[in-house]
Structure formats: structure tokens, C-alpha cells
There are 2 protein chains.
Amino acid sequence: MSSRQGVRPGGRSARVQASVHTAVRELMEDRGREALTVPLVAQRAGVTPSTVYRRWGTLQELLSDVAVERLRPDTEPEDHGDLRSDLTAWAEQFLDEMSSASGRAYIRDALLGDPDGDNAGQCSAYAAEQINVILARARDRGENTPDVETAMDRVVAPLMYRILFRPAGLDAAYARRLVAGLVGVRGTGGR
Amino acid sequence: MSSRQGVRPGGRSARVQASVHTAVRELMEDRGREALTVPLVAQRAGVTPSTVYRRWGTLQELLSDVAVERLRPDTEPEDHGDLRSDLTAWAEQFLDEMSSASGRAYIRDALLGDPDGDNAGQCSAYAAEQINVILARARDRGENTPDVETAMDRVVAPLMYRILFRPAGLDAAYARRLVAGLVGVRGTGGR
DNA sequence: TCCTTAAAGCAACGAGTTTGCGTTAAGCGA
DNA sequence: TCGCTTAACGCAAACTCGTTGCTTTAAGGA
């Protein structure tokens, strides 16, 4: 298990979890990602290092946890009246958030301290959920929609691939082109 | 600069670089990825830890270097007579190599110790090169081919995305479906 | 209220990392 | 070929980080 939920929801444990998480976020802003160490985080959180080590194991797993928390979308995708507009707006925002320096750092952290892939899967699930909302809304309108897997393959995957492997030269126009290539094409079955 | 070339190509430096790289590969097989430490690698390579620290900085940057080296394709894509067969064979092999436990570890290492993204970009360039060879061959045959960027978006990106974020349930049939969705469709402009 | 037991604190030990300084050997020009 | 310059390596000490056994605290339940 990578995601540290269910550790005695109320009380001291919860307080420690919260203060450690905020300590990580504050220190990342103050001193930058590279300067983070477990003892430093623990000190800021008012906790002993051993507590952090016992609950998270390594700094990377802790960062992975924090990253997933920050990558969770906090709002539903906006409704612009039709599938293409909705997807375009979502893709542009997704690209914007994820391709920023901090966004890329969070993605990498999420991928990193994650031996079993749970946290990475969670990130993907977040995107799939958002896409699903958009597609369901389009179906309700009577629009012809591709399935989620196809949308993931044709929009999310290319965006994420380029963010991770070729960050140079990404822009909103590329996101729009991906969406344009998807809508108006029937779902190919995904996988 | 992440890739440590050009450090005095011949002589002691080159010997150290080579022995450290092979030490990493040997130890990864012997004791596994997790057991690696800089002092351990240095000892096996017959070198002092400080040498490794000074040249690579951290274990992750060293691993990233080794990973990129291992991810470089060592052969040209096979020629099966037509674009679709070539792409299918390549995609299946790519998926096979990359989705293995060690393949995923290499990809993650390459992404990881790589602040400026040079190593990740190199990985992507390898794939693009291979695809390019296949497409050029198809054009020489007179086949109608998509452009490289489109192929990256439609085949490589989905494969890599799922390898990294949703490793469960990937198989050769999925790779074939991606290729099938690409060929027979004109290049949409890539980006 | 008392009991049980996770979870946190403390402290000491071991391992990994960093750094200054001396030494070696490429690379290069005379 | 020789000698000079300088990057790279080796050595060793100091320091920080990570680990672990034991003690103490406090949540949750009887």
C-alpha cells in the first residue's frame, strides 16, 4: 500500500499526517524540491524523523503521497455545451497544469516512490474520471462519443508522454489538435 | 548535461566510466535494483565513492545514465515487407521489452535522475528514430505513410503511458490495435 | 474508568554523503 | 620526446541521513 489512508482517522495520527504533508508543501516552496530531507521535514512538522520513516518508509514514498494528493482534480470539468469544447478546455487546462515545472515534478514524484504502481494508477484514474464525466455529459446530450479508453489513448497519453519525454514545444494548439483528431472519429475499441 | 559523454574520451576517465557502468549492470542482476548504493557500485568498479559522487552527483543520475544506455535499440527494425507488419512487429517488441519489470525500472530510472530532461528526451528520440526508419522504408515502397509525430502520438505514447501508469492488462493485441488504428489513416499533422 | 495496543518519541548505532587536499595521468605545445 | 598544465582520481575525516530497540503516550473499546 502506498497511499497512507486509514491510520486511525481522528486524533494524533491524523494530526501528524497533516502536519507532515503541509511541512512538505511549505518546504518545497521555501527551499525547493532538492533540499528536502526527512529530518528537515520532520523538524518543520514538529515530529521526530523516525516517525516519518516508520509511516512512509522513505522520502520518496512520502513525496509520492503528497504528489498524488496534489494531482487530484478539485473540480468537475466545466460544461461548454458540446463534447469538443469540453474536451478541448479540459485538455488545455490539463496540459497547462501538468507541464509546469511543479506539475512535472509532482508527476515524477508520484511515479517514483511507488514500487507497486498504485499511486501512478491513481493519477491515471483521476484523468479517466474527468474524461468520463465529459463523455457521459455528451452522451446525455445525444452526441456520438468515443469510449474512455480511446480518449485516454488519443488525448491523455500523447499529452503525458510529451510532458515527460519531450517537454519542449508543447502548447495549447497541440492539445486542441489531439482533441480534434479524436472527436468525429468513432471509438476504435480502446483495448 | 546529464549524459556523461565527453569527459576525456580515452584513458583513465573512460575506463572508470566503463567499469562503473558495468558494475551497475552486474549488481542490478546480482542483488537487485533496491540494494544498489554508491559505495557498493564503487567497490565493485574498483573506484572510490568520491569519484562516483563527483562525476554523477547522485546514485539516481548514475542509474539514469545507465538506463539510457540500455534503452538504446541495438538493431534496426526488422523488414516484414509492408508498413503495417513492420510497425506491428516493432510495437509488439517495444511493448514486450518496456513493460517487463526491468524495462519499467529502466524507464523510471531514465526519467528520474534527470533534472533537465535530457535523458528522457534521448529515450524518446530512440523510438522516433526507429519509427522513422520504418516509415522511410514504407515511403520507398510507395506506401502512403503517416508522419513520425502522428505515429508517436498514436502508438508510442499510448504504449508508454499505459506502461508507466496502468501496467495491468497490457498485451500484444493492444499494440496491434494501436497500429491498426494508425495505418490507413492519413497523418493529421502531428503537432 | 481501566485496559489494550497502535503510534510517537528518544537515543545510539551504522551507512551514506560531502569536502579538502594530495596525487595521478591525459592532453598539448615546445 | 619531454615537460607543463589541469582535469580527474584517491584518501580520509567530518557530517548528515537512515535504521532500530526500547520507552512513553494516547486512541479506541470494554
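Just so we're clear, the structure is a prediction, and the values are computed from it rather than from any experiment. Numbered from 1 within each chain, the chains take letters A, B, ... in sequence-line order.
- Arg55(B) has no side-chain polar atom (N or O) that falls below the 4.0 Å cut-off from OP1 or OP2 of dA8(D).
- Nucleotide dG18(D) holds its C1' atom 13 Å from the CD atom of Gln60(A), rounded to whole Å.
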Side-chain donor/acceptor pairs under 3.5 Å, residues 28-35 of chain B, sequence neighbours excluded:
unit_1, atom_1, unit_2, atom_2, d
Asp30(B), OD2, Arg44(B), NH2, 2.8
Arg33(B), NE, Asp109(B), OD1, 3.2
Arg33(B), NE, Asp109(B), OD2, 3.0
Arg33(B), NH2, Asp109(B), OD1, 2.7

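- The CD-P distance, from Gln17(A) to dA6(C), rounds to 19 Å in whole Å.
- Every side-chain contact (heavy atoms from CB on, under 4.5 Å) that Ala157(B) has, sequence neighbours left out, goes to Pro158(A), Tyr161(A).
- In the region residues 18-29 of chain B, proximity to DNA chain D at under 4.0 angstrom, judged on heavy atoms, holds for none of the residues.
- Separating the CH2 atom of Trp56(B) from the P atom of dA8(D) is a distance of 11 Å, rounded to the nearest angstrom.
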> Going through the distances and angles, do Arg162(A) and Ser99(A) end up as a side chain to side chain contact (heavy atoms under 4.5 Å, CB included)?
Replying inline: CA-CA 9 Å; Arg162(A) 294 189 123 98; Ser99(A) 65; over 6 Å; no

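- Applying the side-chain hydrogen bond (donor to acceptor under 3.5 Å, both in side chains) test to Asp96(B) and every residue at least two apart in sequence or in another chain returns nothing.
- The side-chain hydrogen bond (donor to acceptor under 3.5 Å, both in side chains) test applied to Glu97(A) returns Gln93(A), not counting sequence neighbours.
- Every side-chain contact (heavy atoms from CB on, under 4.5 Å) that Ala89(A) has, sequence neighbours left out, goes to His80(A).
- In this structure, the CG atom of Leu59(A) is 15 Å from the C1' atom of dT19(D), given to the nearest Å.
- Take Arg70(A) and apply the side-chain contact (heavy atoms from CB on, under 4.5 Å) test, not counting sequence neighbours, and it matches Arg25(A), Val66(A), Tyr106(A).
- Residues from residues 35-48 of chain A lying near DNA chain C, meaning a heavy-atom separation below 4.0 Å, are Gly46(A), Val47(A), Thr48(A) in numerical order.
- The pair Arg141(B)-Asp82(B) does not meet the salt-bridge criterion, since no charged nitrogen lies less than 4.0 angstrom from a carboxylate oxygen.
- For Gln60(B), there are no side-chain hydrogen bond (donor to acceptor under 3.5 Å, both in side chains) partners, not counting sequence neighbours.
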Pairs: protein N or O with nucleotides 19-22 of chain C N or O, under 3.5 Å:
unit_1, atom_1, unit_2, atom_2, d
dG20(C), O6, Arg54(B), NH2, 2.4

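- For the side-chain contact (heavy atoms from CB on, under 4.5 Å) test, residues two or more places apart in sequence or in another chain that qualify with Ala125(B) are Gln122(B).
- Listed by chain and number, the residues in a side-chain hydrogen bond (donor to acceptor under 3.5 Å, both in side chains) with Arg108(A) amount to none (sequence neighbours excluded).
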